[in-house]
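Remarks on the structure that follows.
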Amino acid sequence: MLSHPDDSTTLIHIPQPKRYLLLPIEEEQPEVLLRLRDDSLKMPYMDVRLAVTRVDYYVPLELPAGRAAEVEVVGLSKEALCWQRLSLSDSLPEQPADSYRAPDHFAPCYGWMNDPNGLIYHEGKYHLYYQYNPYGAKWGNMHWGHATTTDFLHWQEHQPALRRDTLGHIFSGSAICDTLGVAGFGKGALLAFYTAHQFVGEKQWQAQCLAYSTDGGQSYTKYQGNPILTAADGVQDFRDPKVFWYTPRRSWYMIVSADKEMRFYRSADLKHWDYVSAFGEGYGARPNQFECPDFFELRDPHTGRSRWVMIVNINPGGAFGGSATEYFVGDFDGERFVPDSTPEVTRWLDFGKDHYAFVTFSGLRDRVLGLPWVSNWQYADVTPFRTTRGAMGFPRELFLFTSGGRSYVGARPARELLERRGQAQDLKRADATRDSLLLSDQLAPLGDRYELVLRLAPQPGVQRCGLMLSNAKGDRLPVYLDLERGRVVMDRTQSGLVDFGLKAKSHERESGDWRKDEALNYHNDFALATWAPLSLVSGPNYELRLFLDRSIAELFVADGRIAMTNLVFPRAPYSTLQLFSEGGETKILEATLYPRK
Ligand code: FRU
């Protein structure tokens with residue numbers, strides 16, 4: 001039952017609710033305000049793109065059980081199609097799955113996802129919280145979604161752990177286990193640190209907040225005394241707190257991004273934080289905006305010495321445009337971080353275009369393991385998905401290595417991925433040294449999910465060698481060594497759909513999104529080749545490991561000395577695999593395919 005108390009407000013009266021009210025969404029429409037009018041829920045307005053002329057998909061609004069509900073919508077015309085298409089349901093909306101959804105990677109079952117948040121290993125489970133919009137597949141209404149796994153291939157999705165509230169959006173952050181209970185929420189409570197974000201007039205207000213869980217990370221209660229940390233100098237970009245334990249001082253530290261630097265704070269009780277120092281202004285790629293910091297130790301395998309690594313996710317400023325992850329290796333004495341490198345040096349954790357907001361798990365002792373969000377802010381909002389946008393990359397274990405006397409951080413696929421995979425198929429043939437070798441004749445169809453391992457030994461004279469994935473529609477994804485230019489390359493220029501972003505550009509400008517400064521040149525930002533310097537690996541043999549999961553291509557060279565993550569949208573699965581060598585012979589030492597089912 002609908003009523004219109006005034007020109008811009010509509011009330012939806014639901015005397016006998018089911019579990020969900022299914023909201024029809026049309027992505028091209030501007031956001032209108034929607035909330036449940038229920039005193040006990042205190043739900044603030046959510047921004048929802050309700051359908052006006054057509055329905056793209058439905059999102060569920062959970063209704064309180066056992067009582068009548070009233071939903072208020074502000075800003076939508078009485079003529080909008082939405083009013084005819086509302087329905088009640090006890091189950092989630094049934095709608096066709098996105099054809100580009102990558103089944104082996106985590107993505108929520110509907111809605112929008114960006115950064116991984118609050119990564120923590122606790123009581124045998126890996127918890128992934130994430131930037132989540134449950135009310136549409138575009139950015140907005142930031143919640144912390146929640147999923148758990150034990151093997152990184154099978155995920156269980158749970159209720160959102162933190163919901164947008166009157167302090168604002170729940171932006172990115174971290175989680176720790178307060179084993180000693182110093183924060184006062186009991187021994188072993190899990191604490192989540194996040195940023196509350198809202199606009200006050202024209203200005204952005206961002207402050208750090210705390211929530212605690214006494215049920216092992218399933219549900220969180222926001223701390224009454226929030227926010228726990230605001231920026232003393234009023235800097236507007238102040239977000240994404242990562243909390244870590246620093247043994248020499250027996251203290252908790254927090255690292256927070258503050259515009260173009262990272263700031264360290266220290267605390268004894270995890271609620272009161274004192275400023276320690278800052279690092280980063282003028283360092284690394286520019287122009288930039290620092291976001292999503294991480295800070296941890298890695299052992300140098302040569303010296304046995306422990307080094308500190310600072311992860312700095314930047315947007316814009318990425319090597320191939322838009323967002324990307326850089327890092328600094330150095331020393332930390334509890335007061336200052338001093339990097340090994342000079343300001344103009346930039347080191348990338350991943351050389352693809354779709355690797356962002358990478359952060360690591362707390363609660364792990366034997367390895368440093370993290371997850372990236374597989375997208376790029378240049379076009380994240382318009383990738384060819386319908387009901388779910390955004391996926392996490394495969395987990396990567398970080399390690400230090402030395403090249404040319406300098407320290408680098410490598411990222412290799414987590415061991416779980418190599419333990420659980422299909423039956424190996426040996427693709428190697430005795431005569432595998434011709435200029436171009438077509439392997440698909442002897443293969444069962446490649447499918448759209450597999451891991452491919454190649455060990456190549458290019459002989460003198462070889463200019464380029466590698467693999468080419470292709471399909472009958474003419475889409476091609478070459479991944480190869482360019483020995484002339486000293487690069488490893490993944491070229492998605494003709495990989496399938498590449499110009500989906502054009503339409504979004506004008507729309508994004510109109511919508512007055514908080515990212516409007518970045519009125520980005522979406523067109524062709526997607527159609528490009530990404531590359532990494534081969535100087536990071538030592539020949540003469542090269543190991544390439546490529547995971548392809550429908551729309552996510554993750555390449556690891558030399559066991560992770562180089563990582564490269566890219567989205568691809570082939571119009572049909574890449575069913576043909578060719579190996580090629582130009583200018584001379586390449587010996588194939590290994591060519592193995594592990595299909596995934
Ligand atoms: C990074 C980021 C964070 C912020 C979040 C908002 O992708 O911009 O800095 O907390 O996304 O969703």
Side-chain angles (χ1 to χ4, degrees), residues 46-47 108 111-119 128-145 160-165 167-175 192-199 204-209 211 227 229 231 235-243 254-263 280 288-294 311-318 321-326 349-350 353-359 370-381 383 389-393 508 513-518 520 565:
M46 297 291 159
D47 306 313
W112 158 277
M113 177 174 78
N114 57 292
D115 315 354
N117 297 150
L119 298 182
L128 161 66
Y129 304 93
Y130 49 88
Q131 288 289 280
Y132 183 43
N133 181 6
Y135 302 114
K138 282 184 181 288
W139 187 92
N141 305 312
M142 282 297 109
H143 288 46
W144 274 25
L162 293 168
R163 294 171 191 269
R164 180 180 178 184
D165 59 26
L167 277 184
H169 294 272
I170 311 293
F171 270 16
S172 290
S174 58
F193 298 86
Y194 62 92
T195 302
H197 161 94
Q198 58 170 293
F199 271 96
Q204 218 174 216
W205 176 84
Q206 300 191 333
Q208 314 326 316
C209 294
L229 179 65
V235 63
Q236 286 193 55
D237 289 288
F238 184 55
R239 57 181 179 266
D240 310 338
K242 170 79 184 196
V243 171
M254 181 191 283
I255 175 170
V256 187
S257 61
D259 199 3
K260 296 183 187 342
E261 63 180 26
M262 296 300 187
R263 295 185 185 165
N288 62 21
Q289 167 76 65
F290 278 20
E291 299 185 320
C292 301
D294 204 343
I311 298 284
V312 178
N313 289 283
I314 57 167
N315 179 40
S323 38
T325 307
E326 59 179 19
L349 189 61
D350 188 284
K353 187 150 180 180
D354 299 302
H355 177 284
Y356 196 55
F358 179 93
V359 283
L371 291 176
W373 168 52
V374 184
S375 200
N376 189 308
W377 279 118
Q378 282 187 330
Y379 43 70
D381 240 19
T383 47
R389 266 207 196 83
M392 291 301 160
E508 186 82 355
D513 185 288
W514 67 280
R515 290 174 192 282
K516 66 177 180 297
D517 294 348
E518 262 187 78
L520 293 160
T565 306

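For ligands, and for the atoms within them, numbers begin at 1 and follow the listed sequence.
- Residue contacts with ligand 1 for Met142 involve side-chain atoms from C-beta outward but no N, CA, C or O (heavy atoms, distance under 4.0 Å).
- Ranked by closest heavy atom to atom 9 (O) of ligand 1, the top entry among Asp240, Asn313, Asp237 is Asp240.
- Side-chain contact, Asn117 with Ser172: a donor N or O sits under 3.5 Å from an acceptor N or O.
- In this structure the side chain of Leu349 reaches within 4.5 angstrom of the side chain of Phe358, judged on heavy atoms.
- Against a heavy-atom cut-off of under 4.0 Å, Gln131 is close to the following atoms of ligand 1: 5 (C), 6 (C), 12 (O).
- Only the side chain of Trp377 comes within contact range of ligand 1, with a heavy atom under 4.0 Å; no backbone atom does.
- Heavy atoms of Ser172 found under 4.0 angstrom from ligand 1 belong to the backbone as well as the side chain.
- Using a 4.0 Å cut-off between heavy atoms, Asn114 contacts ligand 1 through its side chain alone, with no backbone atom that close.
- With respect to Arg239 and Asp237, a salt bridge is recorded, a charged nitrogen being found less than 4.0 Å from a carboxylate O.
- Atoms of ligand 1 found under 4.0 Å from any heavy atom of Tyr356, numbered from 1 in the order shown, are 1 (C), 7 (O).
- In this structure, His169 and Trp139 have tilted ring planes: the angle between them lies in the 30° to 60° band.
- Inter-residue side-chain proximity for Leu162 and His143 is flagged as unmet; no heavy-atom pair is nearer than 4.5 Å.
- Rounded to the nearest 0.5 Å, atoms CD (Glu291) and CE (Met262) are 8.5 Å apart.
- Note: an N/O pair closer than 3.5 Å links Glu291 and ligand 1 by distance alone.
- Partner Asn133 forms a side-chain hydrogen bond (donor to acceptor under 3.5 Å, both in side chains) with one of Asn141, Asn114, Asp47 and no other, that one being Asn141.
- At least one heavy atom of Trp139 lies less than 4.0 angstrom from ligand 1.
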